[in-house]
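Here is the structure we will look at, set down as structure tokens.
Each chain gets a letter, A, B and so on, in the order the sequences are listed, and its residues count up from 1.
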There are 2 protein chains.
Amino acid sequence: MSEAQPLYAKVKDHILENIRSGAWEAGRRVPSENELVESFRISRMTANRALRELTAEGFLSRVPGVGTFVKESPALSSLMELRNIAEEIAQRGHRYSSRLIRKGLVDANPALAEEFEDRALKQLFHIVIVHEENGVPVQLEDRHVNPSLVPDFLDHDFTETTPTAVLLAATPVDELEHTVEATLPTTEQQRLLNIAALEPCLALYRRSWSRARVATVVTLTYPASRYALYSRHRTNARGTFSQ
Amino acid sequence: MSEAQPLYAKVKDHILENIRSGAWEAGRRVPSENELVESFRISRMTANRALRELTAEGFLSRVPGVGTFVKESPALSSLMELRNIAEEIAQRGHRYSSRLIRKGLVDANPALAEEFEDRALKQLFHIVIVHEENGVPVQLEDRHVNPSLVPDFLDHDFTETTPTAVLLAATPVDELEHTVEATLPTTEQQRLLNIAALEPCLALYRRSWSRARVATVVTLTYPASRYALYSRHRTNARGTFSQ
DNA sequence: AAGTGGTCTAGACCACCAG
DNA sequence: TGGTGGTCTAGACCACTTT
């Protein structure tokens, strides 16, 4: 299980662990480069790389001549919350159901290995599920999961628990990437979602990272007539908008 | 003007300049670390840092044993941020242009008054703009603006400054609402965006509040083939996700 | 003066890929 | 076999801040 890990990555993990666990609160000073050199028995360049990358990633801030500090974690905006579709539908007072279309192990190909940022990846879990609201298909979920991060993924019966719930319980989500596109459905999608060929769809593509590795890649397809993505949120007090 | 610049930054700038200018197209091999060592008279670690950072920033991709290459820059728009589309396009090294279709004062109707949460609203600013990337329409902006919040809105010439930039400069953004839908284009949209009737589009509807009042309501229409919405963010260190 | 981060060097070893 | 990227070291000089 435990891959050979570069030294700078070990240092980063150690620091992140302390931040995530709450042991090091925002504003707290983290070990200096020289202190890391001693405690990890590494060169200063390696310690520097760990602190520099964590700074670039937004976890730390550095002040020359003073030290390195845990940064306030910015309020997360909510357009793309990881909502559990079953709960979302239940919240609207409707009946949730699902149909499991595919569930199994598939061989990786170069494109999938690239998506998972892991050349060595040989096999992946793959599931396809249709989620229904009052019996009407509203979402087609096509998901690949990294077996090394969630080895027991296929043990679940996804009629009772959604894949999202399983994954959230199994691994922390450190980072999310979303892409939203408009598409016309493939013939298979038309069949599974029971829609016309000219019904436009929203395709939400999402990658989730856990501990610096891609845990799952999913494409969610929504018929336009039955679903829209929505969010509303207050902006952060500092008004931090790009430009 | 010319600040003292670290060596790795000079190397990064040199490479970015070549990418932005189009001299180095996507897929093209960039100089190897050893080649940079020779041409810039730097150490390999410095060359490595430049290439590694540009890779982390999404400009390059590296393949061990093979080389470093200019990455495709897909047209992607951040969902979460209020990005200025002109800067976004410029950032990709492409040419931004726009066509002003409509600009003026319109009477409010009940639906608009409802959207602006202000029954007393009598008139509104209205603009329609087509934004182009390398001369190709990529976004249709249909925007209403609350005159009481941005009285001088129409004084601007939107060929030089985008409406987003004008609004961000004029009022703080306190709250945002987004809805994303997939649509098929109306005939007018087909004409303005120069797309086929069967080209699906993303419709991003956004309301912005400033000081508890709706400042602007905008619908941004993107042809699916030319644009996707994109966001990537780190989750809060404490892992605060809904559900 | 001592400690901090910011940068840089000139080597090194390794895994990987190509011809 | 030679080139590539990936990592690491043990030094170094600098500007800066704190004591």
Side-chain angles (χ1 to χ4, degrees), chain A residues 2-16 19 24 27-71 108-111 113-114 116-122 211-214, chain B residues 2-15 19 24 27-71:
Chain A
S2 55
E3 304 287 327
Q5 210 181 192
L7 294 178
Y8 74 87
K10 287 183 185 167
V11 177
K12 286 178 70 174
D13 279 356
H14 170 255
I15 294 169
L16 274 180
I19 295 177
W24 295 354
R28 180 197 154 118
R29 192 178 162 285
V30 309
S32 71
E33 296 185 358
N34 285 325
E35 288 165 346
L36 291 172
V37 163
E38 288 202 4
S39 58
F40 281 84
R41 302 286 176 168
I42 57 183
S43 73
R44 209 195 126 201
M45 275 299 275
T46 302
N48 173 272
R49 177 168 176 182
L51 294 179
R52 178 156 40 81
E53 290 191 359
L54 286 174
T55 303
E57 290 161 17
F59 292 103
L60 303 176
S61 66
R62 314 195 77 183
V63 184
V66 181
T68 304
F69 304 88
V70 176
K71 212 174 175 181
N109 56 42
E114 170 104 4
F116 276 82
E117 298 180 337
D118 181 358
R119 253 173 254 280
L121 205 58
K122 294 287 176 258
R211 303 192 188 90
R213 287 191 293 170
V214 176
Chain B
S2 58
E3 302 287 325
Q5 213 183 188
L7 293 179
Y8 75 87
K10 287 182 186 168
V11 177
K12 287 178 68 175
D13 280 355
H14 170 253
I15 294 169
I19 295 177
W24 295 355
R28 181 201 155 117
R29 191 176 161 286
V30 310
S32 72
E33 296 184 358
N34 285 324
E35 289 166 344
L36 290 173
V37 164
E38 288 204 4
S39 59
F40 280 84
R41 302 285 176 168
I42 57 181
S43 73
R44 208 194 127 203
M45 275 299 276
T46 301
N48 173 271
R49 177 167 178 183
L51 293 179
R52 178 157 39 82
E53 291 192 359
L54 285 174
T55 303
E57 291 161 19
F59 293 102
L60 303 176
S61 68
R62 315 194 76 182
V63 184
V66 181
T68 304
F69 305 89
V70 177
K71 210 173 177 183

Legend entry - Between C/dG3 (P) and A/Leu36 (CG): distance, integer Å: 16 Å
Legend entry - Side-chain N,O (A/Asn34) to OP1/OP2 (C/dT4) below 4.0 Å: yes
Legend entry - Phosphate-side-chain proximity, A/Arg62 and C/dG6, N/O vs OP1/OP2 below 4.0 Å: yes
Inset, instruction - Answer yes or no: is there a donor N or O on one side and an acceptor on the other, between the side chain of B/Ser39 and the main chain of B/Glu35, under 3.5 Å? - result: yes
Inset, instruction - Give the B/S/- string for nucleotides 8-19 of chain D, one per nucleotide from 5' to 3', where a protein heavy atom under 4.0 Å of the base yields B, of only the sugar-phosphate yields S, and otherwise -. - result: BBB-B---BS--
Legend entry - Residues A/Arg49, A/Glu33: salt bridge by 4.0 Å N-O rule: no
Legend entry - NZ/NE/NH1/NH2 to OD/OE distance under 4.0 Å, B/Glu57 and B/Arg52: no
Legend entry - Atom pair distance, as rounded to whole Å: CG in B/Leu60 and P in D/dG6: 11 Å
Legend entry - Close side-chain approach of A/Asn34 and A/Arg44, heavy atoms under 4.5 Å: yes
Inset, instruction - Taking the side chain as every heavy atom from C-beta outward, state whether A/Ile15 and A/Leu51 have any atom pair closer than 4.5 Å. - result: yes
Legend entry - Non-hydrogen side-chain atoms of A/Val30 and A/Trp24 separated by less than 4.5 Å: yes
Legend entry - Atom-pair distance (CZ on B/Arg52; P on D/dT4), nearest Å: 18 Å
Legend entry - Whole-Å gap separating P (C/dG6) and CG (A/Leu54): 13 Å
Inset, instruction - For B/Phe40 and C/dT7, give me the distance from atom CZ to atom C1', rounded to whole Å. - result: 17 Å
Inset, instruction - Measure from CD on B/Glu33 to C1' on C/dA15 and round the result to the nearest Å. - result: 14 Å
Legend entry - B/Ser32 side-chain N/O to D/dG3 phosphate OP1/OP2 under 4.0 Å: no
